[in-house]
Every structure is written in structure tokens, then in C-alpha cells.
Amino acid sequence: MKALCSGKERKNIVAVRAGERLLDLSEPLTADTVLEPVTKDSPEGLDILRHSAAHIMAQAVVELYGPDVKVAIGPATEDGFYYDFDRKEPFSPDDFAAIEARMQEIVAAALPFSRETLSVAEARKFFQDKGQPYKVELLDGIEAETVSIYRQGDFADLCRGPHIVNSSLLQAFKLMRIAGAYWRGDEKRPMLQRLYGTAFFDAKELKKYLHHLEEAKKRDHRKLGRELELFTISDLVGPGLILWQPKGALARRLIEDYWKDEHYRNGYELLYTPHIAKRDMWATSGHLDFYAENMFSPMEVEDVTYQLKPMNCPFHIAIYKTSKRSYREFPIRWCELGTVYRFERTGSLQGLMRVRGFTQDDAHIFCLPEQLEEEIFNIIDLNLLILQTFGFTEYDIYLSTRPEKYVGSDENWQKATEALKMALEKKGLQYRVDPGEGVFYGPKIDIKIKDVLGRAWQCSTIQVDFNLPERFQLAYTAEDSRDHQPIMIHRALMGSLERFFGVLIEHYAGAFPLWMAPVQAKVLNITDAQLDYVDRVYQQLRQAGVRVEKDSRNEKLNYKIREAQLAKIPYMVIVGDKEKDTETVTVRLRDGKNLEPMSVSDFAEMIRKESRIR
RNA sequence: GCUCACGUAGCUCAGUAGGUAGAGCACUUCCUUGGUAAGGAAGAGGUCACCGGUUCGAUCCCGGUCGUGAGCUCCA
């Protein structure tokens with residue numbers, strides 16, 4: 001080790017890496033091991049600290065609340081750590097101070113983390129004697145011959161490691177929240193109490209992280225949605241059902257207009273379809289068998305049962321079936337901003353991100369097998385273009401394969417999965433496989449964009465489907481003048497307009513780019529002497545197609561500016577006597593800067609130019 | 001759906017050891033006519049989420065329902 005680095009660097013080392021494995025610094029070395037240091041500033045180093053913090057928290061909890069607290073698991077997470085406990089009495093945030101204080105004592109004691117290797121049988125006896133059934137159950141699932149336990153002070157935990165050398169390295173930590181969590185993530189098993197915390201090597205980092213959380217909170221789309229009057233959710237209407245207020249509705253219209261234009265350019269035709277359909281149709285499509293738990297309850301109308309739509313595909317299929325199709329028509333690209341309803345459990349609803357009624361920017365492409373690859377390419381290109389237009393350039397791509405419950409033959413699934421995979425690879429796009437996460441009728445490519453809170457939101461989805469065409473017996477006449485079955489691609493790029501808008505609000509903190517800002521400019525007068533001029537400027541801008549408001553209230557300019565600023569309006573158009581006399585306006589930008597006075601028509605032209613999307 | 005927490009005026013929040021409530025902002029009216037982030041005054045506004053229970057009496061205590069938040073589970 002000494003040979004590896006200088007003394008200063010050594011202080012910075014948390015663990016070492018030997019090939020794939022991470023090892024404690026206390027690990028005995030063999031001559032032939034090649035070691036690589038894991039430092040404090042590496043992601044692995046931080047993970048090790050946080051994992052150790054989880055152990056220290058568990059130790060504190062056991063010491064404070066007695067050995068009848070059962071410990072489950074406690075890993076590091078993306079932004080901290082947690083530990084799951086089974087305890088009769090609920091933890092409350094009031095307990096945090098005591099647990100943190102106890103943790104501080106453990107840190108101050110600089111307890112070494114020591115590793116012991118035991119056989120599985122020995123370990124089982126050890127945890128049985130300690131009265132820790134969750135640990136025993138974990139051991140039941142371990143196939144290796146030996147396991148390791150880590151001790152610090154009197155606390156011992158089943159753990160692969162590695163850990164920090166001793167508890168004094170935990171310099172900056174904070175308990176964050178309490179939540180319920182099912183043992184092993186299974187809702188049929190006991191609900192445990194999960195304590196979340198976060199930890200860093202130094203206090204500055206912790207402070208920075210907490211500050212980041214504060215900033216993220218300011219961008220919360222639910223808060224901004226209310227403040228900017230974009231959308232609301234009403235008890236009168238019901239949970240998970242979005243009401244778009246005028247400003248939000250206008251932004252949505254701009255998004256939809258752009259979407260429609262872009263689709264027209266890319267060879268799509270627009271459809272409209274109804275919100276309900278006969279139950280029989282949902283039986284044919286397989287939704288009743290495979291998607292019923294997500295559907296709203298059926299309704300009877302004149303002895304026929306109908307059901308709200310959770311997807312648009314069967315409606316597009318019905319349109320497909322209106323005439324005999326020829327291969328010469330292909331590819332058929334049909335798109336629709338289709339509003340669907342899905343039953344979501346109350347506990348999972350969240351603002352615009354998770355709702356019960358939402359509009360998909362859906363499309364279905366019917367094509368020949370030999371057109372499949374190119375169509376997928378086209379979709380990916382259009383997809384990335386649209387995301388880019390909205391300012392999203394960072395995303396994770398997933399390839400989701402066949403789920404447990406599915407329709408269709410294995411052969412079809414394999415063909416479809418292969419097609420998606422080939423497309424991603426030929427495009428040179430990095431992706432991860434999400435096994436078993438496909439839809440019941442086909443595999444899919446999902447693109448998840450990240451919001452400021454670091455949450456990844458699934459928006460885009462591209463699905464290849466050989467199965468619904470079969471179920472609905474879709475056909476086209478091929479060159480051989482015989483009937484063949486078309487392939488169907490389902491895709492949504494923004495995914496849900498609601499969710500996408502939510503991500504947009506957080507992405508821009510409500511300060512939308514000019515082209516999609518519901519209000520682009522607000523005309524503010526200084527005194528009543530300019531009332532007539534305010535009106536003229538307002539009318540002229542409105543005629544020129546600028547989305548403009550005016551504030552001619554009897555208030556001070558400061559006050560009007562403050563309001564417009566809080567409303568995140570891109571341009572404030574200020575008119576006083578000076579402007580009135582010269583037939584000009586003074587423009588103030590969102591960032592506080594002022595432009596030179598200009599004519600109203602020049603300003604309108606400036607807005608027109610800047611609002612161009614591409 | 002599950003666990004925990006929360007639910008007071010449009011918004012943000014006080015408050016009552018159980019005796020039917022208060023601030024700031026917003027709103028209305030009046031005064032003020034003021035050049036780049038809150039001028040002043042007055043007024044209106046709440047069956048303290050809803051339903052039951054305990055009590056002489058409940059916004060406050062207890063139970064249930066609904067809703068919200070953080071997670072779990074599930075997903076666009």
C-alpha cells in the first residue's frame with residue numbers, strides 16, 4: 001500500500017479494489033493481489049461510508065431501543081442510506097435527535113469495524129441466539145459456504161462489506177425521514193420501519209446536499225403549478241384527475257401544436273377516438289385478462305357493458321379494419337393525443353407525475369417486416385429530436401423484455417425483442433436491459449428523463465407488437481395478392497402530457513422558454529397618464545400574435561414588476577411618459593436586464609423571431 | 001392498498017391545558033400618480049376536511065371516512 005501512493009493520498013483511501021472485489025483496508029493481503037485504491041471522492045468510497053453509516057445507525061437504534069428491535073437490511077442508496085427495523089412502537093421524527101446523538105457518540109468512540117468469516121451454519125446460530133429472524137432468513141437465501149459479519153462495538157451485522165476502518169470517519173450525517181417498507185419489498189410480508197439518512201465525508205458536502213434539496217423543493221411542480229396557476233387537482237373532481245387552468249392549458253396547447261406539426265412533417269396522420277369502448281373489445285385485446293387491475297370499473301348502457309380506455313391501441317386497430325389494406329399503403333403512421341384512464345392506488349398518486357387520467361402522445365405504426373427497423377430508427381430520431389427541443393439531453397434507455405403475464409408466442413416475442421435491440425445497437429445508443437418489464441403484448445424501449453430531484457421519469461416508450469394484430473386478425477394484401485399480418489409499433493414520446501409537463505415545470509423551475517411560455521410579455525404602465533397608451537401597446541402586441549397581458553392597475557411599478565417576475569414572465573414591457581411620447585417601449589428581461597427602448601413593432605418582431613422552435 | 005405524518009380564510013402559517021378562532025400575503029373600496037422585486041388606510045372572507053363518540057360544551061380528546069405528503073408496492 002505504501003508503495004501505491006503518498007502519505008497524503010493514503011489518508012484519502014477508504015478501501016481497495018482487487019479486480020471486481022472491494023476489500024477492507026484491514027483485509028490481509030496476499031502477495032499476488034493487485035490493488036487499486038478506492039478514495040473518498042469516488043462513488044464507491046462514498047457508498048462504503050454510507051453503508052457503514054447504516055450500520056452505525058442500526059447500532060444506535062439497538063442500543064437505544066433495546067435488543068427486541070429486529071434489524072433487517074441497511075444498504076447505501078443513491079443519496080444516502082437506510083436501515084429497516086421491525087419494532088412494535090412506531091419511530092417518530094422526534095426520535096431523530098436521540099438516535100443522531102447516540103451515533104455521534106459511536107463516531108467519537110472511533111470504534112473499529114472488524115470482519116469475521118463464519119460458516120453459514122455458525123452465522124445462523126449466531127443470529128438465532130441474538131433473536132434476529134430477518135438475518136436468519138437472509139442466511140437461508142445465501143448459497144456460499146461462508147459469510148462475513150462485521151462488528152463495531154457490541155453491534156454485529158451480517159454483511160459482505162467492505163466498511164470504513166473505524167466509525168470516526170463518519171463526520172457528516174443526518175437522519176432524513178421515516179417510511180414504511182415491506183420486508184423484501186413484498187406487500188404480503190411484514191411492514192418494517194425504514195429510517196433514511198444521508199452521510200458525507202465532510203460537513204460541507206452535507207450542507208451542499210441539503211441546500212440542493214431546498215432548491216429542488218422550490219422547483220416542485222405541485223408548488224409551482226399552484227403559484228403559476230398552471231393546474232390544480234380538486235376534491236370535487238377526484239384524486240389523480242388533473243384540471244388544467246388557463247395558463248397551463250395554453251402551455252399545453254403550444255406543446256400540442258408543436259407536437260402535431262412535428263408529426264405532420266414526419267409522415268404521421270392525426271386521429272381522434274372516444275374514451276370508452278365495449279367490454280368485448282377489451283376482451284379481444286387481452287386487456288381484461290392482463291390489464292384489468294389497472295382499469296376503471298365497467299358500466300352498463302342499454303344492456304351493453306362499456307369500459308373506460310386505459311390505452312388507445314384497439315381504437316386505432318378498429319380504424320385500420322375499416323378497409324382492406326394493401327402493402328402499398330405501408331407504413332401507416334397514425335398518431336393521437338389520446339386521453340386514457342388507469343386505476344392507480346391512492347398511495348401512488350403524485351401531482352402530475354402519477355395520475356389516473358392522462359393524455360398520451362400516442363401513435364401506432366403498421367408496417368411490413370422489412371420496414372420495421374427503419375421505422376424504429378425514425379421513431380428514435382423523432383423521439384430524441386422532440387426531447388431535445390424541450391431541453392432534455394440526458395436520459396437513460398432501457399430495453400424491457402417479456403413479463404410473466406403475456407400474450408402471444410415465444411417466437412413473436414423473440415422477434416420483437418430482437419428488432420428493438422438491433423435498432424438500439426445500430427444507433428449506437430447505450431441501454432440497459434430491464435428483464436420482465438415489457439407490456440403484456442410486446443417488449444419495449446423506454447427512455448427515462450431525469451428531473452432535478454434526480455428522479456428518473458419514464459416518458460418515451462417504443463413497443464413492437466406482433467400480438468394485437470393477431471388477436472384482432474389484422475391483415476393486408478401483399479405483393480403475392482395474399483393476406484399477411486402487419487406488424488404494429490406502439491409509441492409515445494412525451495409519454496403522458498401531464499407527467500411531461502410536470503417534468504418541464506421542474507426542469508425550467510416554471511420559467512418556460514419563450515416559445516412555450518403561456519404569457520410572453522406583460523405591459524406595465526407607470527401612472528394613470530399612460531392608460532390609453534398601455535391599451536394601444538397591448539392591442540398591437542396581441543394583434544401581432546404575442547401572448548401578452550397588461551397590468552394597468554393603480555399600483556407602483558415596483559409592485560407590478562415584482563408580480564410579473566414571480567409569475568416568471570419572460571418580458572416586461574414598461575411604458576411611462578417617456579415611452580408614450582416617443583411611441584416606444586422599454587423591455588425588462590426575466591433576469592433583470594433592460595433593453596434599449598424600441599418600437600412596439602420591433603419588439604413584436606423580436607418575440608416572433610425568438611419564439612421560433614427550430 | 002400498506003406504514004408513518006399531516007389536514008385551521010384563495011395561499012403560507014399561528015392558536016386554543018376542551019368554552020364556536022388569528023396574522024401576513026391575495027381580494028374589495030378609498031387615499032396616493034409613484035420609473036425597474038411589496039406606498040398607506042379601511043373592509044369582506046372560516047359550520048378549524050367530513051361523519052360519529054366522550055363531554056354541560058370539541059377546531060383541540062377518541063374512532064371512522066376522505067384528502068395530502070414521505071416511502072413501500074405498482075407504472076406513462
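The sequence lines fix the lettering, A, B, ..., with proteins before strands; numbering per chain opens at 1. Computed from heavy atoms alone, side chains included, the values below leave out hydrogens, waters and symmetry copies. Keep in mind that this is a model prediction, so the values were computed, not measured.
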Provide, to the nearest angstrom, the distance between the [atom1] atom belonging to [X] and the [atom2] atom belonging to [N].
X        : N     : atom1 : atom2 : value
A:Met353 : B:U68 : CE    : C1'   : 17 Å
A:Leu349 : B:A76 : CG    : P     : 15 Å
A:Arg356 : B:C74 : CZ    : P     : 18 Å
A:Tyr398 : B:A76 : OH    : P     : 13 Å
A:Met494 : B:A76 : CE    : C1'   : 12 Å
A:Trp457 : B:C74 : CH2   : C1'   : 12 Å
A:Glu187 : B:C72 : CD    : P     : 13 Å
A:Ile449 : B:A76 : CD1   : C1'   : 11 Å

**OP:** Specify the residue among A:Thr461 and A:Ile233 whose closest nucleotide of RNA chain B lies further upstream toward the 5′ end.
**Re:**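 Mapping each residue to its closest nucleotide by heavy atoms, the 5'-most match is A:Ile233.
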
**OP:** Tell me which of A:Ala529 and A:Gly351 sits closer to the 5' end of RNA chain B, going by the nucleotide each one is nearest to.
**Re:** A:Ala529

**OP:** State which residues pass ring pair (Phe, Tyr, Trp, His ring centres under 6.0 Å) with A:Tyr65; sequence neighbours excluded, sorted by chain then number.
**Re:**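 Checked A:Tyr65 against ring pair (Phe, Tyr, Trp, His ring centres under 6.0 Å); matches are A:Phe91.
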
Original post:
Listed by chain and number, what are the ring pair (Phe, Tyr, Trp, His ring centres under 6.0 Å) partners of A:Tyr406, not counting sequence neighbours?
Top reply: A:Trp413

How far, in whole Å, is [M] from [N] if one measures between their [atom1] atoms?
N     : M     : atom1 : value
B:G63 : B:U54 : C1'   : 11 Å
B:A70 : B:C56 : P     : 43 Å
B:G64 : B:C6  : P     : 15 Å
B:U68 : B:U33 : C1'   : 45 Å
B:A5  : B:A23 : P     : 32 Å
B:C66 : B:A49 : C1'   : 8 Å
B:C50 : B:A9  : P     : 10 Å
B:G52 : B:C13 : P     : 30 Å

Phosphate-side-chain proximity, [X] and [N], N/O vs OP1/OP2 below 4.0 Å:
X        : N     : value
A:Lys444 : B:A76 : yes
A:Ser348 : B:C74 : no
A:Arg222 : B:G69 : yes
A:Arg189 : B:U73 : no

Original post:
Could a donor-acceptor pair under 3.5 angstrom be found where the side chain of A:Tyr182 meets the base of B:G1?
Top reply: yes

Subject >> Residue pairs, two or more places apart or on separate chains, that pass salt bridge (Lys or Arg N to Asp or Glu O under 4.0 Å) and touch residues 561-578 of chain A >> reply: A:Arg553-A:Glu563

Stacked cation flag [X] on [Y], 6.0 angstrom / 45 deg:
X        : Y        : answer
A:Lys448 : A:Tyr398 : yes
A:Lys405 : A:Phe440 : no
A:Arg50  : A:Phe81  : no

**OP:** State the dot-bracket string of RNA chain B. Criteria: Watson-Crick or G-U wobble, both atom distances under 3.5 angstrom; notation: ( ) intrastrand, [ ] crossing earlier pairs, | interstrand, . unpaired.
**Re:** (((((((..((((.....[..)))).(((((.......))))).....(((((..]....))))))))))))....

May I ask you to say what [X] touches in the nucleic acid, namely base, sugar-phosphate or nothing, with a heavy-atom cut-off under 4.0 Å?
X        : answer
A:Tyr196 : sugar-phosphate
A:Arg194 : sugar-phosphate
A:Arg345 : base
A:Val355 : base
A:Arg342 : base

Original post:
When you check every protein heavy atom under 4.0 Å of nucleotides 34-48 of chain B, what one-letter string (B, S, -) results, 5' to 3'?
Top reply: BBBBBS---------

[Y] ring center within less than 6.0 Å of [X] ring center:
X        : Y        : answer
A:Tyr268 : A:Trp334 : no
A:Phe290 : A:Tyr441 : no
A:Phe501 : A:Trp244 : yes

**OP:** Assess the side chains of A:Gln565 and A:Arg588: does a donor N or O sit below 3.5 Å from an acceptor N or O?
**Re:** yes

Original post:
How about A:Asn312 and A:Gln360: does a side-chain donor come under 3.5 Å of a side-chain acceptor?
Top reply: yes

Original post:
Hey, does the side chain of A:Glu549 reach the backbone of A:Tyr538 with a donor-acceptor pair shorter than 3.5 angstrom?
Top reply: no

**OP:** Would you check if the side chain of A:Glu336 reaches a backbone N or O of A:Thr273 as a donor-acceptor pair within less than 3.5 Å?
**Re:**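 Indeed, once roles are kept as given, a pair shorter than 3.5 Å links the two residues.
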
At a cut-off of 3.5 Å, list every protein nitrogen or oxygen paired with a nitrogen or oxygen from nucleotides 3-9 of chain B, distance to 0.1 Å.
residue	atom	partner	partner atom	Å
B:U3	O2	A:Gly180	N	3.2

Subject >> Salt bridge flag under 4.0 Å for residues A:Glu227 and A:Lys223 >> reply: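 Salt bridge: yes.
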
